[in-house]
Number of protein chains: 2
Amino acid sequence: MKNKTTIHDIAKALSIDASTVSRALNNSPRVNQKTKDRILSKANELGYQRNLLASNLRKNKTNTIGVIVPRISRHFFSSVISGIEEAAYDAGYNVIICQSLEQLKRERDIVGTLLANRVAGVLLSVSMETNDYDHLLNMKNNGTPFLFFDRHCDIEGISSVLIDDVQGGFDATEHLILNGCKNIGHFSGPQKLSIYKNRLAGYIKALEKYKIPYRPELVLRSSLMEIDGTEGAKTLLSLPHKIDGLFSANDIAAIGAMKYFKNEGIRIPDEIAIVGFSNEPISEVIDPSLTTIDQPGFQIGQISTKLLLEEINKSSNLKKANKTILKSSLIERDSSRK
Amino acid sequence: MKNKTTIHDIAKALSIDASTVSRALNNSPRVNQKTKDRILSKANELGYQRNLLASNLRKNKTNTIGVIVPRISRHFFSSVISGIEEAAYDAGYNVIICQSLEQLKRERDIVGTLLANRVAGVLLSVSMETNDYDHLLNMKNNGTPFLFFDRHCDIEGISSVLIDDVQGGFDATEHLILNGCKNIGHFSGPQKLSIYKNRLAGYIKALEKYKIPYRPELVLRSSLMEIDGTEGAKTLLSLPHKIDGLFSANDIAAIGAMKYFKNEGIRIPDEIAIVGFSNEPISEVIDPSLTTIDQPGFQIGQISTKLLLEEINKSSNLKKANKTILKSSLIERDSSRK
DNA sequence: CTGTTAGCGCCTTCAC
DNA sequence: GTGAAGGCGCTAACAG
């Protein structure tokens, strides 16, 4: 029952040559409109279904771009994906989405499969485990254009689209300070990832600006799970100086902390003010008065895609590594009900 | 710079035939281990990268399954996708994920691209706009196995993996009744989608069981946006009989309603109790005491994939349409703090 | 165990 | 404007 209609079948049915059919199907200007019409209607009649495998093989290129994210369920990434899809769709490209689940092994496998499928290019945000770049260097040598977004590696000639995390961390911390906080905790993440390193740097920079001593025991590393937030909150509360502010570099941990604080009967933000760094809508929902640092996911997706498409279409190898840095914005929500 | 190494290149370098190389690369038992080793190391040395386009074309099959969901950012769907990926990965299949964004046109395009790429099979949850099945019938005639999950259409010979929504709606409503609610509002969705029709049926069934008159004005259709929730909440509050309970068939609308109620100073659940039907973690977060109907997304993904793979591997055309019905569960969260 | 042969379905010169 | 011919990279008979 499998569809077997090929251009030859429809050529035979019309007593013409397959090459003409091919041209017609690709809407080549060098074919008579009448024959085009006949071909199209016959193709329809026979239930012809173009075989992209063959076409792509012959042309030695595809119009598919691969996207690798740690997890599609994270709001930031799914908003980036929306941006990617929109930009890709406009340019006539398909998108195939893959998740590394924060595992290096899976990231490697995925890169392999994408290359084997001859994708036109790849957009990726590396996993937390990615400290070995062989698979990426391999992709580079292979000649497949790719681009990092949000989480990147330093590889010569490879561009990135990033957020100004130092500034974001600074803004978050400054906001807490200006609201009277003096003992500010910080939930960070793996320092291998520059986003967490940079947010921490912003945190420290703000403390310095306001002459608040930096106390390392207030900085906790998490691995982006809710449990890290609850555990972290507990740890912070056990310190001699009680904290009055918390800057979390990711929302999931912030949520864990909020739950813990609430369970302990600690009022937010009166007793402990919190700023979360992410755009999970969840943080807005948990407490509508919560201030967050918003990341422009959709925009990142669009920009990354446009840059990637430029590289794909650029036959010249003059590509210079660009870093596009976007700004996040501090969003202070309505707190009139407080 | 594009990688051009083919099996012929490596065959030539070793003065053997390409077919042997092909066999070795596919780990055929009919190749001497020594030559295998030579081939593998040479392949590595030349930076050989298998071309799946050619391989798949030749074999006339791929090991890729396509997944179409309305939106990957909805938690239910991303948990289904996790389940799909796990099961597919175990069976040596790749997954390509696509979003219809609830648009029929996009759904059609996606089906077309997947077929053109000769995916081995497709798993899909239809868009809200899907009232025309041509593209699906086309896929069926084409001989590509597919399966619905969660949102399905009645197409002969096509199986579905569903949740018992009547029961879920009944459970939700009964829970409210048993907690003393007498005027229970219901946020429903497009009645084209059987999930919403069924949840409504469950709601009515529960009312009947407890001899509570069904009042149509308490049932509001939403299109799954937060704004529908706030508007709906407003509408319900404007009715002469004040509601004391709300069963929302989707969480997004429930969230909108909760925000509205909170802004109006209405205490939840004391004045209005709410049960949300979905497993967005968001509903748990907004109010840890909230009772929800939990849907087994991960499990649905796994089961769907296994069934699809069975159909793919079944050469016989004896397939009967199966409906696998899973149960959702009512989760009453800790409300000790109240 | 390994080589020979013949395509998979399509596109792209090159003729006319 | 259309046809003829060749090949993209790989695999699956069929031989030996």
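Treat the numbers as computed from the prediction; the structure is a model and nothing was measured. Chain naming here is simple, since letters A, B, ... match the order of the sequence lines and numbering starts at 1 in each.
In this structure, A:Arg50 places its CZ atom 9 Å from P of C:dC10, rounding to the nearest Å. Put simply, CZ on B:Arg30 is 13 Å from P on C:dG3, counting in whole angstrom units. For A:Asp17 and C:dC16, the CG to P distance is 16 Å, given to the nearest whole Å. For the pair B:Leu57 CG and D:dG7 P, the computed distance is 17 Å after rounding to whole Å. In this structure, the CG atom of A:Asn60 is 10 Å from the P atom of D:dC8, given to the nearest Å. The nearest whole Å value for the distance from the CG atom in A:Asn26 to the C1' atom in D:dT2 is 16 Å. Atom C1' of nucleotide D:dC10 and atom NZ of B:Lys61 are separated by 15 Å, given to the nearest angstrom. Rounded to whole Å, the distance from CG on A:Asn63 to C1' on C:dC10 is 15 Å.
Remark: the backbone N or O of A:Ser127 is not paired with any side-chain donor or acceptor of A:Glu102 at under 3.5 angstrom.
Side-chain atoms of A:Thr6 lie closest to C:dG9 of the nucleotides C:dG9, D:dG9, C:dT12. Of all nucleotides listed (C:dG9, C:dT4, C:dT12), C:dT4 comes nearest to the side chain of B:Ser19.
Side-chain atoms of A:Leu136 and A:Cys153, non-hydrogen and from C-beta on, do get closer than 4.5 Å to each other. Proximity of A:Thr130 to A:Arg151: side-chain heavy atoms (C-beta onward) are nowhere separated by under 4.5 Å. For the pair B:Val21 and B:Arg38, the minimum side-chain heavy-atom distance is 4.5 Å or more.
A:Ile16 comes within 4.0 angstrom of the backbone, heavy atoms only, and of no base. Note on B:Ser55: only backbone sugar-phosphate atoms sit closer than 4.0 angstrom, heavy atoms only; bases stay farther off. Using a 4.0 Å heavy-atom criterion, one finds that A:Asn56 contacts no nucleic acid atom at all.
If you find the closest nucleotide of DNA chain D to B:Arg23 and to B:Leu52, the one lying nearer the 5' end belongs to B:Leu52. Residue whose closest nucleotide on DNA chain C sits further toward the 5' end, between A:Ser22 and B:Lys36: B:Lys36.
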Test log, rule side chain to side chain contact (heavy atoms under 4.5 Å, CB included), inputs B:Ile163 and B:Ile300: CA-CA 9 Å; B:Ile163 294 179; B:Ile300 288 181; 3.5 Å; yes
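Side-chain to base pairing of A:Arg118 with D:dG9: no donor and acceptor N or O lie closer than 3.5 Å to each other.
A close approach under 4.0 Å does occur between a side-chain nitrogen or oxygen of A:Thr35 and OP1 or OP2 of D:dT2. In this structure, B:Thr20 reaches the C:dG3 phosphate: one of its side-chain N or O atoms is under 4.0 Å from OP1 or OP2.
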